[in-house]
Amino acid sequence: MKVIKHCLLGATLALSVTATQANEFINVLTGGTSGVYYPLGVAISQLYGEHIPNARVQVQATRASVENLTLLDRGRGEIGFALADSVADAWNGVEEAGFQAPLKKLRAVGSTYSNYIQIVARADSGITSLEDLKGKRISVGAPRSGTELNARAIFKAAGLGYEDFSRTEYLPFGESVELMKNRQLDATLQSAGLGMAAFRDLASHAPVVFIPIPEEVVARIGNDAYRTGVIPAGTYTGQDADVPTVSISNLLVTHEKVSDDTAYQMAKQVYENLPALGNAHSAAHGIDPELAVEGLPLPLHPGAERYFKEKGLLN
């Protein structure tokens, strides 16, 4: 009888382990479907589904950085994209950025590509500089999104506020572009990887102008997450010259309850399959594993840390 009981107990434990393994669930938090986070998130989910044993993977479209960080802290996602300045605000609990308390459950997987602040205006609006935005109709990204927080910082550094515009809309990429096509908006500021689909669509629909953000404005922001950058000539139809702007690193973030083994694999599959991510979106060509652990505003997950140490990228 004892033998039977032991056998039954062993079988139960084996089934329990198998069930646990089979239920390994990874929810990849991205952004709007017309941005860069979403196609990269889909590509990452495919890598995880193929290479992480017993993983069930799902992709969730969100309002990007701020929502992703909040969902991760609540355990409603396993990995997500977020802008470096939003991550720092989440870690420190900056209330005006939408974080009522520090989100100390968050952990980094690593840095990826850079976002570029892209201010695009209809060519017939007469806007060619930040100063020209006064009195115009503009969209600044979804409310309290990483993009909208970027807009506040940049306009403040340029001596502008939302009250200077004749109309301020809080809309993501796709909706902003549709209103511009219909002449209901003059310009929009969006934070995304270069070659964003929504702006490619807009530039092919009507003549547009990309508005420069001068180096002195970037310096006045006073935040190390904001660096000078360039939108290279030819990134969009009709854009014949380089446009100075702001760049901000994108991070992959997880949380402390994700197992070390899973976090290890989440890092490994991203940084060892960069060509696959580049096929999903050209922005991924900017991911450099050598820079993945530099300047992170929060601790690495121990599993990701193990991966980078194995690769000799971290002491």
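None of these values were measured; they are calculated from a predicted model.
Side-chain contact annotation: Gln190 with Ser176, donor-acceptor N/O pair under 3.5 Å present.
Residues meeting the side-chain hydrogen bond (donor to acceptor under 3.5 Å, both in side chains) test with Ser129, sequence neighbours left out: Asp132. Residues passing the side-chain hydrogen bond (donor to acceptor under 3.5 Å, both in side chains) test with Asp260, sequence neighbours excluded: none. Partners of Gln100 according to the side-chain contact (heavy atoms from CB on, under 4.5 Å) rule, which considers only residues two or more places apart in sequence or in another chain, are Glu95. Residues passing the ring pair (Phe, Tyr, Trp, His ring centres under 6.0 Å) test with Tyr38, sequence neighbours excluded: none. Take Thr262 and apply the side-chain hydrogen bond (donor to acceptor under 3.5 Å, both in side chains) test, not counting sequence neighbours, and it matches Glu24, Ser259. For the side-chain hydrogen bond (donor to acceptor under 3.5 Å, both in side chains) test, residues two or more places apart in sequence or in another chain that qualify with Arg227 are Ser114, Ser249. With sequence neighbours excluded, no residue satisfies ring pair (Phe, Tyr, Trp, His ring centres under 6.0 Å) with Phe99.
Both tests pass for Arg306 against the ring of Tyr264: distance under 6.0 Å to the centre and angle within 45° of the axis.
Within the structure, ring-ring contact (aromatic ring centres under 6.0 Å, His included) pairs that include any residue of residues 55-95 comprise Tyr37-Phe81 (at least two apart or interchain). Listed by first and then second residue, the ring-ring contact (aromatic ring centres under 6.0 Å, His included) pairs that reach into residues 129-184 are Phe155-Phe165, Tyr162-Tyr170, sequence neighbours excluded. Listed by first and then second residue, the ring-ring contact (aromatic ring centres under 6.0 Å, His included) pairs involving residues 272-301 amount to none (not counting sequence neighbours). Contacts classified as ring-ring contact (aromatic ring centres under 6.0 Å, His included) and involving residues 230-263 (residues at least two apart or in different chains) are given here: Phe210-Tyr236. For residues 175-186, the pairs satisfying salt bridge (Lys or Arg N to Asp or Glu O under 4.0 Å) are Asp124-Arg183, Arg137-Asp186, Glu178-Lys181, Lys181-Asp201, with sequence neighbours left out.
For Ser65 (side chain) and Leu83 (main-chain N/O), a donor-acceptor pair under 3.5 Å exists by modelled atom type. Counting only distance, with no hydrogens or angles, the side chain of Lys156 and the backbone of Gly161 share no donor-acceptor pair below 3.5 Å.
No more than 12 heavy atoms of other residues, nucleotides or ligands lie within 6.0 Å of NZ in Lys311, so this atom counts as exposed by the packing criterion.
Using a 4.0 Å cut-off between charged nitrogen and carboxylate oxygen, Lys105 and Glu256 do not count as a salt-bridge pair.
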